[in-house]
Amino acid sequence: MYRDKMADRVAADGFIAALDQSGGSTPGALRLYGIPDDAYAGDPEMFALIHAMRVRIMTSPAFTGAKVLGAILFKGTMDGSAAGKPVPAFLWEERGIVPFLKVDKGLGPKDDGVSLMKPMPDLDALLERAIRLGVYGTKMRSVINMPSERGIAAVVEQQFTVADQIASHGLMPIIEPEVSIKSPDKRGAEALLLAELAKRLDDLPEGRQVMLKLTLPDVTDLYAPLTRHPRVARVVALSGGYSREEACAKLACNHGVIASFSRALTEGLTAGMSDNTFDATLVEAIDEIYKASVDKHQR
């Protein structure tokens, strides 16, 4: 069955490309890609431009399952096409890359040092559509700004509750409680998060697994115990605003953790590049991120 093959691919060497910029982060991603704000009018044009950027990445000869094991998609990207196929089918059938879907609707207001996810009343319908399109798993993001015990507990509680709903559809949840790299006490927040994650993982039923997407920690190998936890399929790291060079240097020191980079992956790519230059730049990025992900003792 194709889902078993996808699970095998997720467990193997490689990294995950995060191609899931949403409404709030899309203008910044387009600016970095060389498309200014005045180049489009309104959300439809903006999303068409970011979709074109993602398709250019996905259809590049550099973007294959040899080093990229998965790709996280924005809802509009999942519903779109690449090279004449639905994007999830193109990724898996033509590239050997496992498709994931970003399912959260963004962040609520800051409270108690954290930002929880906004409500997702239509989540079940979205998950059913994702399954029909051949998506393997999902991703959802919260943000932790301060080392607040109560706030971090609320983030983890919400993430695991929604993960239960996602798993009930047969999808693999990626839990992403991002600790902001601008936190005044990032190390303290990460220590509290580790303890809370360990408690919730221990409570998962036998046979259930999740993936974790975490900020690169200040303490090297802080999350090593999670990479060995029987309820964890993979631990992946977000670049979180670090440059690719800095993110890869930090990643290379954290054993058992692979990349799930967005900005660090697309760094240096611009709309005006020739196809040859674009592909060569993407090859360099993929090679650097892959090396940082796998050139170390795996778990």
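Both Leu30 and Met58 are part of a single hydrophobic cluster, where members link through side-chain heavy atoms under 4.5 Å apart.
Aromatic ring pairs are classed by plane angle as parallel below 30°, tilted from 30° to 60° and perpendicular above 60°; the pair Tyr33 and Phe278 is perpendicular.
Listed for the Asn145 side chain is no donor-acceptor partner under 3.5 Å among the backbone atoms of Val114. With hydrogens and angles ignored, the 3.5 Å screen pairs a side-chain donor or acceptor of Arg3 with a backbone N or O of Gly170. Within the 3.5 Å criterion, the main-chain N or O of Gly34 finds no donor-acceptor partner in the side chain of Thr270. Side-chain N or O atoms of Glu196 include none that pairs as donor or acceptor with a backbone N or O of Val156 at under 3.5 Å.
The pair Arg56-Asp275 counts as a salt bridge, with a side-chain nitrogen and a carboxylate oxygen less than 4.0 angstrom apart. Checked for salt-bridge contact, Lys291 and Glu288 miss the test: no charged N lies under 4.0 Å from a carboxylate O.
Judged as a side-chain contact (heavy atoms from CB on, under 4.5 Å), and not counting sequence neighbours, the contacts of Glu45 are Tyr40, Ala41.
Scanning all heavy atoms of the two residues, the minimum distance from Val143 to Val155 falls at O-CG2, 4.5 Å. Taking each heavy atom of Cys248 and Ala292 in turn, the nearest pair found is O-CB, 3.5 Å. The shortest heavy-atom contact between Ala83 and Phe90 is CB-CE1, 3.8 Å.
Between the side chains of Thr277 and Ser274, at least one donor-acceptor pair of N or O atoms lies under 3.5 Å. Checking Thr161 against Gln165 by side-chain atom types alone, no donor-acceptor pair falls below 3.5 Å.
Heavy-atom neighbours of Glu245 CD from other residues, nucleotides or ligands within 6.0 Å: at or below the threshold of 12.
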